[in-house]
Amino acid sequence: MTDLIRLTDVEKTYTRGKEKIAIFERLSMRIEQGDFLALMGPSGSGKTTLLNLLGGTDRATRGTIEFDGKRIDKLSEGQLTNWRAQNVGFIFQFYNLMPILTAAQNVELPLLLTNLSPKKRRENVATALNIVGLSDRARHKPREMSGGQQQRVAIARAIVADPKLLLCDEPTGDLDRTTADEVLGTLQLLNRDLGKTIVMVTHDAAAAKFAKRTLHLDKGHFVASELAA
Amino acid sequence: MASLFKQISAVTSMNVRSIPQRAAMSIASVVAVALAISVLLFFLALGHGLSQTVQGSGANDVAIVLRDGAGAELNSVVTRDQLNIIAQAPGVVRRGQAPIISGELLVIVDGNKRSTNTNANMPFRGIGPEGLSLRHNVHIVQGRMFRPGTNEIVVGAGLLREFSGFEFGRTIRLRGTTWQVVGVFEAPGTVFDSELWADVAVTQSLFNRPNVYQTMRVQMTSPAAVQTLKRFVHDDPRLQLQVLSEREYYAQQASQSTGQFTIIAWFLGVVMAIGALAGALNTMYASVAARSAEIATLRIIGFSGYAAFFGTMVEALMLSALGGVLGLVISFIAFNGRSTSTLSSGFTQLVFRFELSPGIIVSAIIVAVIIGLFGGFLPGIRAARVRPQLELAAQ
């Protein structure tokens, strides 16, 4: 398997007043294409910061971040925004759907950043909603759907532009066990059948079991690694 | 670029469609702009209506003769001898052998203002036999013109609207003398519409001003002939008088009276616009704060900061434009075309109508757009600076 992501000697520090707070010091890691990685760790361990660095929504203080062999840490803000639009799908704990838009309109949002025709966009939206099993909910607004359905709409939005990488920030943190398992099953399906590389931050050990491997972070260091049974 | 337009369109659409979620603040902002625009329009329409009325009173080919240095009719004196000399001047139009001139005397009488039921000064003008023909677009609309040598008066329709006691057919007492109202004339959009007219000889006699006029109106053969009359008067040492075309005279009067209204209009308009701007800024900052998670989400997905900026700007502009339109509607309903009166430069009441011109409407729209632009700019920058980070999206 080839590496999709490679972090080398990454440092991330924040400045609070005169104080410098180091989140990562010389952090290195590799994520292979097609991996499904769960990131676990206590609050403040750096999970979300790592997700921000992987998704190009934050910048490392030092070190290199490569995606598909190309360095993204050198990209300008605008280039990084475009890169994100083309390569990364995001799934959030609270779904982050636009309440005023229907499911289909929410899913279409990333396609507005492409040059696809309206017809092609509608086709892609229909395909994405079909993959998550919500074709019949296309015209519903978020408030008219359950939490699980909203998260599946969010998954459809994340995959509609066909990105290689899906980044999930506590995707089941707001769901009951049964619904959470359905959502995680959908993620597993996307990883297994569509080859999406997934990095998922979670506090939930049961959720992590859906991943191929789990990395435990503590105070900015990987302290343990597990492979799925 | 096409993608940027799609982004801006999508963000704007979301912003605008979510306005009902911030209804109270948005309505407050719209109302603040509407009030600012209404106040601005009130004074501009007042000034414009007054200016139109005063300026509309003047013809280019009618000369008005006043005492040299007199700023207005009430300060002026023209003697009968001077009137007779000017009657012989070149360029004066004649009907047969008789020059078309009118020696006039303006006196002040008391009237009763309908809206406040208080006394007000009315202009009572004695005019010569040619006085009516010297005023274009003046028509008797009820009754008839007064007969020379009698105590008869005709009254302007504008004066009748605003003041009571001069209704057609009434007998009234002025300065101890009885007068009969025998006609009503219309002189729309002119100062004459708010005057009482009577025969000048009777007026001189009953108001104890024998052989004295205050002004003289002269029908000239052309606008150029007014210049000839000016030279004629200048070259004759017996005539310490000044000659102006009617249009020049009323333009001078208008600039004195309407200039103040224009200054008040813009002063109050700008002060209120600043207030409305503060309201718009508040609303837009609140809007950005309320949507910060949405903006962060869109930025994470790949939407640019420009989309967030322009989306906010367009929302501010729309609210402001809505306020501007509401202000215009209020102005049209509340006062456009309404008749009012004010104290003129002659210390008498002048009746005129509020008048919203296309220029004034455009000014108001520009002010509303400026409020929107400034009201949206800084919040737009804040929206554009929302970091595309997961922590912000999770708020």
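All chains are named by letter (A, B, ...) in the order of the sequence lines, taking the proteins before the strands, and each is independently numbered beginning at 1.
- The number of heavy-atom neighbours closer than 6.0 Å to OH of B/Tyr285, taken from other residues, nucleotides and ligands shown, is above 12.
- Side-chain contact check for A/Asn96 versus B/Glu294: every heavy-atom pair is 4.5 Å or farther apart.
- Heavy-atom distances place the backbone of A/Leu116, and not its side chain, under 4.5 Å from chain B.
- In this structure, chain A has heavy atoms under 4.5 Å from both the backbone and the side chain of B/Arg299.
- The backbone N or O of A/Leu111 lies less than 3.5 Å from no partner atom in the side chain of B/Lys6, so there is not a single donor-acceptor pair.
- Heavy atoms closer than 4.5 Å to chain B are found in the side chain of A/Gln105, but not in its backbone.
- Other residues, nucleotides and ligands contribute at most 12 non-hydrogen atoms within 6.0 Å of the CZ atom of B/Phe267.
- Enclosure of atom CZ in B/Arg17 by more than 12 non-hydrogen atoms of other residues, nucleotides or ligands within 6.0 angstrom is indicated.
- From A/Asp58, atom CG reaches atom CZ of B/Arg387 across 6.5 Å, with rounding to the nearest 0.5 Å.
- For A/Arg62, the CZ atom counts as loosely surrounded, since its 6.0 Å shell holds 12 or fewer non-hydrogen atoms of other residues, nucleotides or ligands.
- Nearest heavy-atom pair, A/Ala85 versus B/Gly302, reported as atom, atom and distance to 0.1 Å: CB-CA, 4.1 Å.
- More than 12 heavy-atom neighbours from other residues, nucleotides or ligands sit within 6.0 angstrom of CE on A/Met29.
- A heavy-atom distance below 4.5 Å is not found between the side chains of B/Thr297 and A/Phe90.
- Looking at A/Gln86, neither its backbone nor its side chain comes within 4.5 Å of chain B, counting heavy atoms on both sides.
- The structure places CG of A/Leu113 at 5.0 Å from CD of B/Gln7, a figure rounded to the nearest 0.5 Å.
- Here B/Ser9 contributes atom OG and A/Leu112 contributes atom CG; the two are 8.0 Å apart, rounded to the nearest 0.5 Å.
- No side-chain donor-acceptor contact under 3.5 Å links A/Arg84 to the backbone of B/Ile301.
- Atom CZ of B/Arg385 has 12 or fewer neighbouring heavy atoms from other residues, nucleotides or ligands inside a 6.0 Å radius.
- Considering only heavy atoms from C-beta on, B/Val11 stays 4.5 Å or farther from A/Met98 through its side chain.
- Taking the side chain as every heavy atom from C-beta outward, B/Phe303 and A/Thr81 never approach each other to under 4.5 Å.
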